[in-house]
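Everything on this sheet refers to the single structure shown next.
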Amino acid sequence: MLGAALTATAFLGAGQPAHAQTDQPADPLADANREVASARAAAETKSSEYLDALEKAESLRVQMGEVDARIAGLKAHRSKLRAIGRARAAIAYRRSVAISPALFFDARDALDIARRTRLIDGLNAADTTVFRQLRKTAAELSRERSRLLGLEHAEDGAAGRLESEARTLEAALARAQQRQQELTVAHAAALAAATTTTTTTSPPTTTPATTPPTTAPPTTTAPSTPVPPPPPTGYVPTPGTNPHHDDPFLVCVRNHESSGNYQAYNPDGPYYGAYQFLQATWDATANHMGRVELIGVHPTQASPYDQDDVAWALYQWRGSAPWGGICDPPP
């Protein structure tokens, strides 16, 4: 009998929704809130990977710049040695032409000529050794530059792929936020309708037989998690001066990147605004700081307040690395 009862119970339970078995009503809004939180976390993780690749590529470019400077220095040194060698040869030639045949019979002058010749030969030999070493070092640096260039191309490719993936996740986040907003509005409307119905149709509370239930209907049960305010439907530039506007780091970066021009544009990135943001970096930071209304906004269209806000958030999140380590405070 116990087995039969268990079988019947299982059969009856199998046809019920999961929430009915646990006595918990479905809560689409709570599900939407969780979906938004999950989408935000996924987008931020991918954005962090993208920024890591971007910063590695920039670090490699800095290293290549240092190698290029050393190669240029070596080339200048080699050119200088060549010029010195040519000057010595010219001096030796002029002296040899100016020597009178009678001098060869003067032992003192002959010894002086021999000493000068050995000195020039010794200097030229030493310069030749240095020249060969410089050429060897330059070749090694050229190989190192080729290696760094290959790594930079690999990191640029990775950054491009990660940027595409991050944008896909940001689009999924936008859809989840739209769904969350729609459910929030619908939930508020349902609560308002239920309150109006209760106010206009409930009988007097002195009639026990018609007293309304003490619990709210399942369709209007409050969600199990706090309901966040609906996300903004559009961007409204924040006016005024950001409290971090005069921070020494932001002032330094603005001056270095754009001379303080909030409408600056550099096609190389392309980079935008006072802090020369890539659009993907701007969007990733906006998601990280929770200002979803800034995602997709062109940085130069954002107010100075908001540009300062995103730059400060990026600095707190990633340090000075997104700007190549410039404006770091002295050790």
Side-chain angles (χ1 to χ4, degrees), residues 36-62 64 149 151-178 231-232 234-238 242 244 249-250 253-254 256-258 261-327:
V36 168
S38 176
R40 281 197 63 192
E44 179 157 346
T45 297
K46 191 61 64 177
S47 294
S48 294
E49 294 175 4
Y50 159 70
L51 291 174
D52 285 341
L54 209 60
E55 289 164 14
K56 287 179 182 177
E58 181 60 29
S59 175
L60 289 167
R61 277 189 284 273
V62 170
M64 280 198 301
L149 184 61
L151 292 174
E152 181 203 358
H153 287 165
E155 289 298 337
D156 281 339
R161 291 191 298 273
L162 290 168
E163 178 186 358
S164 177
E165 293 172 8
R167 288 190 179 279
T168 299
L169 291 172
E170 287 166 3
L173 171 61
R175 291 192 296 272
Q177 288 171 329
Q178 179 64 30
Y235 169 64
V236 178
T238 308
N242 191 285
H244 300 293
F249 180 80
L250 292 191
V253 172
R254 279 199 308 272
H256 183 275
E257 295 288 347
S258 66
N261 180 9
Y262 283 84
Q263 301 302 312
Y265 167 71
N266 181 350
D268 287 347
Y271 302 103
Y272 305 102
Y275 301 95
Q276 292 293 275
F277 277 100
L278 288 167
Q279 184 69 53
T281 304
W282 171 277
D283 292 343
T285 308
N287 176 60
H288 172 78
M289 64 193 296
R291 293 200 60 185
V292 294
E293 78 277 15
L294 291 175
I295 295 177
V297 173
H298 196 289
T300 56
Q301 295 174 342
S303 67
Y305 184 106
D306 290 333
Q307 290 190 43
D308 290 348
D309 210 31
V310 177
W312 181 255
L314 180 59
Y315 177 49
Q316 298 303 303
W317 181 24
R318 309 287 301 191
S320 63
W323 293 278
I326 64 170
C327 299

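In this structure, T168 and K46 have side chains that are not in contact, with every pair of non-hydrogen atoms separated by 4.5 Å or more. Side chains of D156 and R61 form a contact here, defined as non-hydrogen atoms less than 4.5 Å apart. Here the side chains of L294 and D306 are in contact, with some heavy-atom distance below 4.5 Å. Contact check for Y315 versus V310: no side-chain heavy atoms found under the 4.5 Å cut-off. Side chains of L250 and R254 form a contact here, defined as non-hydrogen atoms less than 4.5 Å apart. P270 has its side chain within reach of Y265: a pair of non-hydrogen atoms, C-beta onward, lies under 4.5 Å apart. Contact of the Q279 side chain with the P299 side chain is registered, since non-hydrogen atoms from C-beta on lie closer than 4.5 Å. Residues T285 and R318 have side chains not in contact (no heavy-atom distance under 4.5 Å, counting atoms from C-beta outward).
Between the side chain of E152 and the backbone N or O of E58 there is no donor-acceptor pair closer than 3.5 Å. A distance-only check finds no donor-acceptor pair linking the side chain of S59 to the backbone of E55 [under 3.5 Å]. Using a distance-only test at 3.5 Å, with no hydrogens or angles considered, no donor-acceptor pair links the side chain of Q307 to the main chain of Y275. Side-chain atoms of N266 never come within 3.5 Å of backbone atoms of Y271 as a donor-acceptor pair (strictly under, hydrogens ignored). At distances below 3.5 Å, not a single donor-acceptor pair connects side-chain atoms of D308 with backbone N or O atoms of N242. At least one donor-acceptor pair under 3.5 Å links the side chain of S258 to the backbone N or O of A274. Side chain of T300 to main chain of G273: no donor-acceptor pair is present (N/O by atom type, distance under 3.5 Å, no hydrogens or angles).
Here the closest non-hydrogen pair linking G296 and D283 is N-OD1, 2.8 Å.
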Steps toward side-chain contact (heavy atoms from CB on, under 4.5 Å) verdict (T281, Q276):
CA-CA 10 Å; T281 304; Q276 292 293 275; over 6 Å; no
Apply side-chain contact (heavy atoms from CB on, under 4.5 Å) to E44 and W317, showing your working.
CA-CA 11 Å; E44 179 157 346; W317 181 24; 4.2 Å; yes
As a quick check of understanding, evaluate side-chain contact (heavy atoms from CB on, under 4.5 Å) for W282 and I295, giving each step before the final call.
CA-CA 7 Å; W282 171 277; I295 295 177; over 6 Å; no
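Heavy atoms from other residues, nucleotides or ligands lying under 6.0 Å from NE2 of H244 number more than 12.
Between F249 and W323, the gap from one ring centroid to the other is short of 6.0 Å. No close placement of the F277 and Y272 rings is indicated, their centers lying 6.0 Å or farther apart.
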